[in-house]
Amino acid sequence: MQSLSKDQVLRITERYGNDPQQLIAVLLDIQAASGKNCVEKQWAELTANVLNVPLSKIYDVLTFYAMFSTEPRGEYVIEICKSTPCHFTRAEEVARWFEAAAGIKMGETTADGKLSLFHTSCVGACDIGPAVKIGDDVFGNLTEEKVKALVQCCREGKHLCQN
Ligand code: FES
């Protein structure tokens, strides 16, 4: 897995004029460039210094928004909805299908850094539950075959097509 350098982080903050108002955009770019799909502590600290904002504010942002992580995650973060409507449409079974297809347990990341599995709350697709969010895309009406196909697409880095 690639890792970020101090110079890369400084280039990102400079791209936003070292402007504290651009904090979320800066952190998103750092996370995207991290190769670990997260904002590590050293880069949170550097960002705090360069943008002249308290480190606590950086962590407020990193913990408030679900799109951020402070722990390494896979390139594809697979979030399985476990809110009540999806629960009644077999969300737990869907989690087991993803675990079997990916070869990891919920909360884990594959050794190649491609996939991470997490639970999440409602992703706004209750009418097509059970539902899953992968990156910015939501997939519903999941079957074991669809789950296998989605995991395969992630592994091969293919664009995830709606189905
Ligand atoms: S409850 Fe699962 S998408 Fe809404």
Side-chain angles (χ1 to χ4, degrees), residues 1-4 12 16 21-41 43-44 47 53 55-163:
M1 248 183 245
Q2 82 187 59
S3 63
L4 214 46
I12 289 169
Y16 292 96
Q21 301 293 329
Q22 300 297 321
L23 178 58
I24 290 176
V26 167
L27 292 174
L28 279 173
D29 281 10
I30 290 172
Q31 179 166 277
S34 70
K36 299 175 182 175
N37 209 350
C38 72
V39 179
E40 293 173 285
K41 185 166 178 270
W43 308 136
T47 303
V53 296
L55 186 58
S56 60
K57 184 173 177 191
I58 306 266
Y59 277 98
D60 283 349
V61 170
L62 292 177
T63 54
F64 181 79
Y65 293 103
M67 69 245 194
F68 287 118
S69 177
T70 55
E71 299 294 330
R73 298 180 298 177
E75 183 181 342
Y76 292 93
V77 177
I78 298 174
E79 299 176 282
I80 300 153
C81 173
K82 65 167 191 175
S83 292
T84 305
C86 277
H87 176 72
F88 283 115
T89 51
R90 308 187 325 206
E92 275 313 309
E93 197 175 5
V94 169
R96 302 291 88 80
W97 292 337
F98 272 106
E99 286 181 336
I104 53 174
K105 296 289 181 197
M106 296 300 296
E108 293 181 348
T109 298
T110 53
D112 62 3
K114 277 278 180 192
L115 311 168
S116 295
L117 293 180
F118 293 105
H119 280 301
T120 189
S121 48
C122 182
V123 295
C126 321
D127 54 326
I128 55 167
V132 66
K133 186 166 178 276
I134 306 178
D136 294 330
D137 297 319
V138 172
F139 301 87
N141 296 319
L142 295 170
T143 61
E144 190 167 8
E145 286 64 41
K146 281 187 186 175
V147 166
K148 283 182 187 166
L150 285 169
V151 167
Q152 192 61 29
C153 279
C154 293
R155 282 226 160 91
E156 294 172 0
K158 285 184 190 160
H159 180 71
L160 300 167
C161 26
Q162 289 287 347
N163 49 27

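Atoms within each ligand, like the ligands themselves, are counted from 1 in listed order. Since this is a predicted model, take the numbers as computed values, not measurements.
Nearest heavy atoms, Ala131 versus Val123: CB-CG2, 4.1 Å.
Residue Val123 approaches ligand 1 through these ligand atoms, each under 4.0 Å from one of its heavy atoms: 3 (S). Set against the non-hydrogen atoms of Cys86, the atoms of ligand 1 under 4.0 Å away are 1 (S), 2 (Fe), 3 (S). Interface atoms of ligand 1 facing Pro85, defined by a heavy-atom separation under 4.0 Å, are 1 (S). Near Ser83, meaning under 4.0 Å from one of its heavy atoms, ligand 1 places the atoms 1 (S).
Lys82 places no side-chain N or O within 3.5 Å of a backbone atom of Glu92 that could act as its donor or acceptor partner. At distances below 3.5 Å, not a single donor-acceptor pair connects side-chain atoms of Arg73 with backbone N or O atoms of Leu115. Not a single donor-acceptor pair under 3.5 Å links the side chain of Glu71 to the backbone N or O of Cys38.
None of the N, O or S atoms belonging to Cys126 lies under 2.8 Å away from atom 2 (Fe) of ligand 1. Atom 4 (Fe) of ligand 1 has an N, O or S atom of Cys122 closer than 2.8 Å.
Only side-chain heavy atoms of Cys81 come within less than 4.0 Å of ligand 1; its backbone N, CA, C and O stay farther off.
Counting only N and O atoms by type, the side chains of Asp29 and Tyr16 include a donor and acceptor under 3.5 Å apart.
Arg96 has a carboxylate O that lies under 4.0 Å from a charged side-chain N of Glu99, or vice versa, which qualifies the two as a salt bridge.
Heavy-atom distances between Gly129 and ligand 1 stay at or above 4.0 Å for every pair.
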